[in-house]
Amino acid sequence: MQLFLLGLNHKTAPVEVRERLALGPARLPAALRGLRERGGASEAAILSTCNRAEIYAVGAPDTGPRLERFLNEFHQVSTSSLNGYLYRHNNTDSARHLFRVASGIDSLVLGESEILGQIKTAFEAARANGAISNVLDELFRRAIACGKRVRTETSIGRGALNVGSAAVELARQIFGPLSSHTVMILGAGKMSASTARHLVASGAQRVIVSNRTHERARDLAQQFGDGCMAEAVTWDEFPQRLIEADIVIASTRAPHCVLTAEQVAVAMKARRQRPLFLVDIAVPRDIDPAAHQLNNVFLYDIDDLQGVVNSNRAQRVSELVRVEGIVESEVAEWEGWYRSLEAHPLLSALARRAAVIRDAEVDAALSQLSHLPEREREIVRALGRSIAGKLMHAPLRHLREAGKTGSADVEVLRRAFRLDEAGGTAVEAAHATDAASEPEREAGEAP
Amino acid sequence: MNLLPRLSRHEDLLLLGAVTTYLVAMLLLWSRLFFAADEPLHTETRPWYGSAGGLSRALLWGGAILHLLALAGQGSALFSIRAGVAGLFGWILVLAYLLVGQRLGRRTLGAFVTPVALLAALYSLTAPLLHRATPRAEQLESQWLVIHVMMILVSYVALAFAFAASLVYLLQESLLKRKRLTGLWQRLPSLQVADDLIYRATSFGLAMLTLGLFSGVLWFQRHQPNYAPLHDPKVLFSLVTWLVFALYLAARLWLGWRGRRTNLVVVCGFLLLVASFFGAPHVLSGITR
């Protein structure tokens with residue numbers, strides 16, 4: 001049994017290739033079924049996002065090539081057209097890949113957390129289709145846990161990576177959690193609208209829109225609708241309404257300043273020096289830079305915000321080493337679990353062997369002691385259980401541990417107990433008879 | 001001042017231990033605030049000794065216990081001698097930080113509160129022998145004195161928190177103004193949060209200071225009928241300090257002052273408070289020392 005990964009992502013394949021392998025929820029059940037019926041997989045899961053398409057499967061050693069053939073058939077692409085784009089990993093490497101993906105360090109935007117949700121969705125879809133049993137179940141659970149751990153223990157996911165969320169981050173450092181705050185938009189452009197939406201999503205409750213052509217301001221105000229109060233004011237009116245605003249986003253196409261430092265100073269007096277956050281994302285700039293010198297006024301232009309974004313990106317990159325460390329430790333844990341699977345058949349064969357011998361011996365003894373009352377027969381049975389249990393306790397435990405580390409002791413134990421791979425009951429029955437004389441010898445050695 | 005012979009006495013040894021733990025805790029808090037390569041969001045998954053925050057907390061608790069034991073041996077000197085009062089102030093400040101202050105302002109106040117406590121404890125360590133300086137005026141040891149000193153100390157502690165929060169505010173404000181947005185600014189609380197903290201701590205501190213001053217003047221007048229409070233430089237100094245904090249509140253409430261200027265007033269007020277504590281000779285200093 002082996003774990004396979006077959007996939008491509010934004011680093012290995014251009015979008016023309018990725019889109020051909022993209023898999024919507026509609027075709028997913030068919031693909032999962034096909035992977036198991038024709039691809040030779042005993043377990044399968046598919047992670048398909050706009051940046052990656054990956055198949056995780058468990059199967060016999062020859063499953064790898066069969067998966068690929070199935071992929072070509074299913075998506076009707078020729079083998080040669082995918083060559084060079086696909087990556088293939090086995091066993092621990094597949095697990096490491098998924099853990100890295102879950103941690104967000106394989107993503108286009110370093111540390112983004114959307115991928116964690118996509119992995120959960122892929123996991124649930126595969127489970128709902130009955131395509132998963134213990135190996136992939138454990139793999140995906142551990143991957144999701146790894147992704148969560150990475151995000152709480154490192155700051156890989158922290159710090160805004162676009163201008164809009166950088167503005168939110170700054171607003172939060174000035175006002176604390178946004179709640180009753182008012183956002184004013186000067187110039188109803190795409191950029192200002194998206195920045196304002198970020199702020200509203202973070203709790204700001206009022207939006208005032210002003211634009212030279214009033215219709216556009218009204219249109220934008222209507223788009224905000226639920227969740228906040230949005231209102232359009234005429235261009236002449238905005239200097240007076242400045243008093244109500246806590247955050248001003250300016251992005252007009254005006255060739256000169258539309259908001260002077262004097263206007264801001266007047267507004268500050270009227271608003272009794274409550275802090276004012278000015279975001280100027282227009283080029284050429286809309287707000288007189290001198291406004292930043294005023295008390296309790298914080299003016300940030302597009303370069304400043306871009307600077308925040310850049311330093312956040314650098315901070316995320318500096319966290320990579322710690323993230324890789326966490327991923328490696330999680331991979332090592334996974335590896336232990338995965339290896340112990342190989343010892344599982346041996347473990348159960350050994351336990352079964354002990355049970356067969358025990359039952360045979362106890363039955364043989366009891367058949368000669370037919371005169372015993374039931375209570376004493378039970379004592380004999382308990383004696384059998386206790387001897388077998390105690391004798392097997394140490395080897396079973398050792399085998400479990402040896403399985404995790406992949407130690408050669410697994411093989412030693414297999415030979416010592418003469419358990420061959422098949423571990424069939426027929427063999428055991430034969431052993432049961434010749435083992436019958438052994439306990440006497442061992443009993444002599446026991447203290 | 002000869003420290004060595006004094007260290008043979010166990011109170012001073014305890015005090016030295018407390019001062020040392022405060023010092024280490026302070027350095028840890030500084031390293032966490034200023035130099036930390038971003039500490040993880042959830043440090044509670046680690047043992048207490050696994051993070052600078054947890055370690056400094058444990059050290060401060062240990063230091064506070066040592067300090068308490070040292071204070072217990074000092075008796076009435078705690079309330080009647082400047083060094084004793086300073087030591088008591090340091091201890092209450094640490095305790096108030098551990099019980100209340102450390103949860104406020106994103107756990108950054110400690111870096112600014114611990115130096116104040118450390119200096120107070122250090123001063124009480126280097127001050128003249130507390131033991132020999134038993135007050136000559138027995139009548140000073142009344143409950144009034146204890147109440148007066150405790151009220152004053154609680155107000156000092158509250159104002160020390162206002163001072164620490166002001167420093168946090170001024171630091172954050174200057175980072176935002178200079179657009180220095182790496183690391184530190186994310187660890188500091190928002191301006192709004194710091195400002196609220198300053199306001200609340202100052203209001204409470206000013207109220208306690210008012211009560212403390214009144215109780216002090218009343219108590220003095222009972223013992224010395226011809227006591228003229230306005231001729232007491234200590235009282236005058238205290239009145240000026242009181243006015244500075246009152247100015248802060250009035251300016252904030254009625255003049256609409258906000259932000260840097262108002263919080264600078266708080267910083268000045270606290271420095272004046274320290275100056276008046278050390279600078280102005282108390283009218284009774286002749287008796288108590």
Side-chain angles (χ1 to χ4, degrees), chain A residues 148-160 166 169-181 246 268-277 289 291-301 303-316 318-319 321-323 326, chain B residues 35-47 50-51 104-106 108 165 168-200 248 250-265:
Chain A
K148 284 184 184 159
R149 188 181 155 200
V150 158
R151 284 180 183 81
T152 49
E153 290 185 21
T154 73
S155 49
I156 190 82
R158 279 212 274 166
E169 217 177 330
L170 277 159
R172 282 218 188 100
Q173 285 303 71
I174 294 168
F175 301 107
L178 300 181
S179 54
S180 55
H181 298 87
D246 299 292
M268 283 308 284
K269 207 164 222 169
R271 48 190 280 115
R272 297 177 72 87
Q273 298 293 321
R274 278 181 297 122
L276 181 64
F277 178 35
H292 188 62
Q293 309 307 320
L294 295 168
N295 253 334
N296 299 318
V297 176
F298 302 91
L299 166 59
Y300 279 71
D301 62 31
D303 279 5
D304 299 329
L305 294 173
Q306 198 57 51
V308 174
V309 168
N310 289 345
S311 80
N312 285 340
R313 190 167 289 140
Q315 188 180 311
R316 287 187 180 206
S318 73
E319 286 291 272
V321 178
R322 281 174 62 204
V323 174
I326 291 173
Chain B
F35 309 113
D38 244 6
E39 213 175 309
L41 283 170
H42 296 287
T43 43
E44 60 262 35
T45 52
R46 299 198 201 169
S51 67
L104 306 173
R106 283 198 194 156
T108 53
V168 166
Y169 182 97
L170 293 172
L171 188 59
Q172 176 73 300
E173 205 251 9
S174 95
L175 290 174
L176 284 168
K177 274 283 187 196
R178 286 183 295 146
K179 301 178 180 173
R180 284 273 190 79
L181 304 176
T182 47
L184 181 58
W185 78 294
Q186 288 168 323
R187 292 194 287 275
L188 291 171
S190 67
L191 293 180
Q192 185 67 51
V193 164
D195 206 53
D196 285 348
L197 265 176
I198 300 165
Y199 176 64
R200 277 185 286 160
Y248 161 82
R252 196 176 188 280
L253 287 176
W254 295 303
L255 300 182
W257 281 26
R258 278 276 182 146
R260 198 166 62 90
R261 262 190 305 177
T262 27
N263 297 328
L264 272 174
V265 172

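All figures in this text were calculated on a predicted structure; none of them were measured in a lab. Quick note on labels: first sequence line is chain A, next is B, and so on, each numbered from 1.
- Here OG1 of B:Thr262 is found 7.0 Å from CG of A:Asn296. Values are rounded to the nearest 0.5 Å.
- Both the backbone and the side chain of B:Glu173 come within less than 4.5 Å of a heavy atom of chain A.
- By number of non-hydrogen pairs under 4.5 angstrom with chain A, the leading residue of B:Val193, B:Leu175, B:Leu176, B:Leu188 is B:Leu176.
- The contact between A:Gln293 and chain B is made entirely by backbone atoms, counting heavy-atom distances below 4.5 Å.
- Proximity to chain B at a heavy-atom threshold of 4.5 Å picks out A:Arg272, A:Gln273, A:Arg274 from residues 269-277 of chain A, in numerical order.
- For the atom pair NZ of B:Lys177 and CG of A:Leu299, the computed distance is 8.5 Å after rounding to the nearest 0.5 Å.
- Side chains of B:Gln186 and A:Arg158 form no contact here, defined as non-hydrogen atoms less than 4.5 Å apart.
- Ranked by non-hydrogen atom pairs under 4.5 Å with chain A, the options B:Lys179, B:Arg258, B:Gln192 are led by B:Lys179.
- With a 4.5 Å cut-off on non-hydrogen atoms, A:Leu294 touches chain B through its backbone but not through its side chain.
- Other residues, nucleotides and ligands place no more than 12 heavy atoms under 6.0 Å from the OH atom of B:Tyr199.
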